[in-house]
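Since the structure comes first, as structure tokens, the remarks are kept for the end.
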Amino acid sequence: MGMKNFSISLIFFAIPLIFFHKNGVSLASADQTLIQKTCTNTLYYKLCMSSLKSDPSSLTADTKGLAIIMASIGAANATATSTYLSSQLPTSSSAATNANNNKTKLLRQCSEKYAFAAEALRESLKDLADETYDYAYMHVSAAADYANVCRDAFKGFPAVSYPAKLGRREEGLKRICRVVLGILDLLGW
């Protein structure tokens with residue numbers, strides 16, 4: 001009797017698998033479709049797709065979950081930039097030129113701004129968990145703006161050039177934030 005039940009269960013399990021395999025249907029295709037539809041709503045489709053595909057949990061996430069994944073990526077990006085800027089600070093306080101003193105001040109200030117951006121993105125994660133999407137939107141927007149504040153600080157010191165590597169990092173964070181904002185728009189807040 002037990003073998004008969006096992007055989008029947010195996011048939012009910014195997015038939016759908018054969019159908020899906022024969023017709024080229026993948027159980028994950030609906031998840032890929034959600035990711036594609038979600039990323040289509042953002043300004044940076046390729047960035048959205050590559051970022052979400054790099055996280056295996058995106059395959060089982062709903063739209064809110066995709067926003068959480070992207071906000072987490074943004075927080076990691078901002079933290080990495082803050083750490084990078086801190087590593088660029090001089091380690092000794094030897095006599096330096098005024099321009100170097102200004103650059104040190106700017107790098108320190110920018111490191112703090114990127115740390116604030118990371119914190120704003122972490123706050124957006126709490127907002128997403130609480131489904132307070134308007135606050136999540138505000139925190140993600142603030143995170144992007146912290147990068148602008150850093151760039152603007154350099155404008156006050158024409159003798160100190162804005163580092164190209166920092167410019168690339170700034171643009172990366174702002175694009176990630178814009179992707180998160182695009183996903184938040186889908187949540188109907």
According to a 4.5 Å side-chain heavy-atom criterion applied to Ile, Leu, Val, Met, Phe, Trp and Tyr, with indirect links allowed, do V160 and L85 form part of one hydrophobic cluster? yes

Are L125 and L184 connected into the same hydrophobic cluster when the rule is that any two of I, L, V, M, F, W, Y join if their side-chain heavy atoms are below 4.5 Å apart? yes

Is any side-chain heavy atom of L107 closer than 4.5 Å to one of S111? no

Inspect the surroundings of OH in Y44 and state if more than 12 heavy atoms from other residues, nucleotides or ligands are less than 6.0 Å away. yes

Are the side chains of S51 and M70 in touch, meaning some heavy atoms are under 4.5 Å apart? yes

Any side-chain to backbone donor/acceptor pair from T79 onto A76? Under 3.5 Å, distance only. no

Which of I176, I73, L173, N77 passes side chain to side chain contact (heavy atoms under 4.5 Å, CB included) with L121? It is L173

Under 3.5 Å, is there a donor-acceptor pair linking the side chains of T132 and D130? no

Smallest separation among heavy atoms of A118 and A75, with atom names: CB-O, 3.7 Å

Rounded to the nearest 0.5 Å, the NZ atom of K46 sits from the SG atom of C39 at a distance of 13.0 Å

Please check if L47 and L66 belong to a single hydrophobic cluster, counting links between Ile, Leu, Val, Met, Phe, Trp and Tyr side chain heavy atoms closer than 4.5 Å. yes

Output the distance between atom NZ (K53) and atom OG (S58), rounded to the nearest 0.5 Å. 9.5 Å

Residues that T63 engages under side chain to side chain contact (heavy atoms under 4.5 Å, CB included), provided they are two or more places apart: L34, T38, I183, L186, L187

Is the ring pair Y162/F154 parallel, tilted or perpendicular, if the boundaries are 30 and 60 degrees? perpendicular

Worked verdict on L166 versus Y114 for side chain to side chain contact (heavy atoms under 4.5 Å, CB included): CA-CA 11 Å; L166 182 53; Y114 278 91; 3.9 Å; yes

Closest non-hydrogen atoms of A120 and Y146, given as atom of the first, atom of the second and distance, are CB-CE1, 4.5 Å

A153 versus F157, closest heavy-atom pair with distance: O-CD1, 3.6 Å

Treating Ile, Leu, Val, Met, Phe, Trp and Tyr as nodes and any side-chain heavy-atom pair under 4.5 angstrom as an edge, say whether V179 and Y45 lie in one connected cluster. yes

Would you call R108-E112 a salt bridge at under 4.0 Å N-O? no

Check whether M49 and L59 end up in the same hydrophobic cluster, where Ile, Leu, Val, Met, Phe, Trp and Tyr are linked by side-chain heavy atoms less than 4.5 Å apart. yes

How many angstroms lie between CG in L128 and OG in S124, if you round to the nearest 0.5 Å? 5.5 Å

pair Y133-K64: side-chain heavy atoms closer than 4.5 Å: yes

Give, for atom CG of D145 and atom SG of C150, the distance between the pair rounded to the nearest 0.5 Å. 11.5 Å

Between the SG atom in C177 and the CG atom in L43, the distance rounded to the nearest 0.5 Å is 12.0 Å

What verdict does the salt bridge (charged side-chain N to carboxylate O under 4.0 Å, His left out) test give for R168 and E171, after you've listed the backbone C-alpha separation in whole Å, the side-chain angles of each residue and the deciding distance to 0.1 Å? CA-CA 5 Å; R168 290 188 295 275; E171 189 58 30; over 6 Å; no

Sole candidate of L181, V180, D127 that passes side chain to side chain contact (heavy atoms under 4.5 Å, CB included) when paired with Y137: L181

Atom pair OG1 (T81) and NZ (K165), whose distance is rounded to the nearest 0.5 Å: 9.5 Å

Side-chain contact, heavy-atom cut-off 4.5 Å: N148 with E170? yes

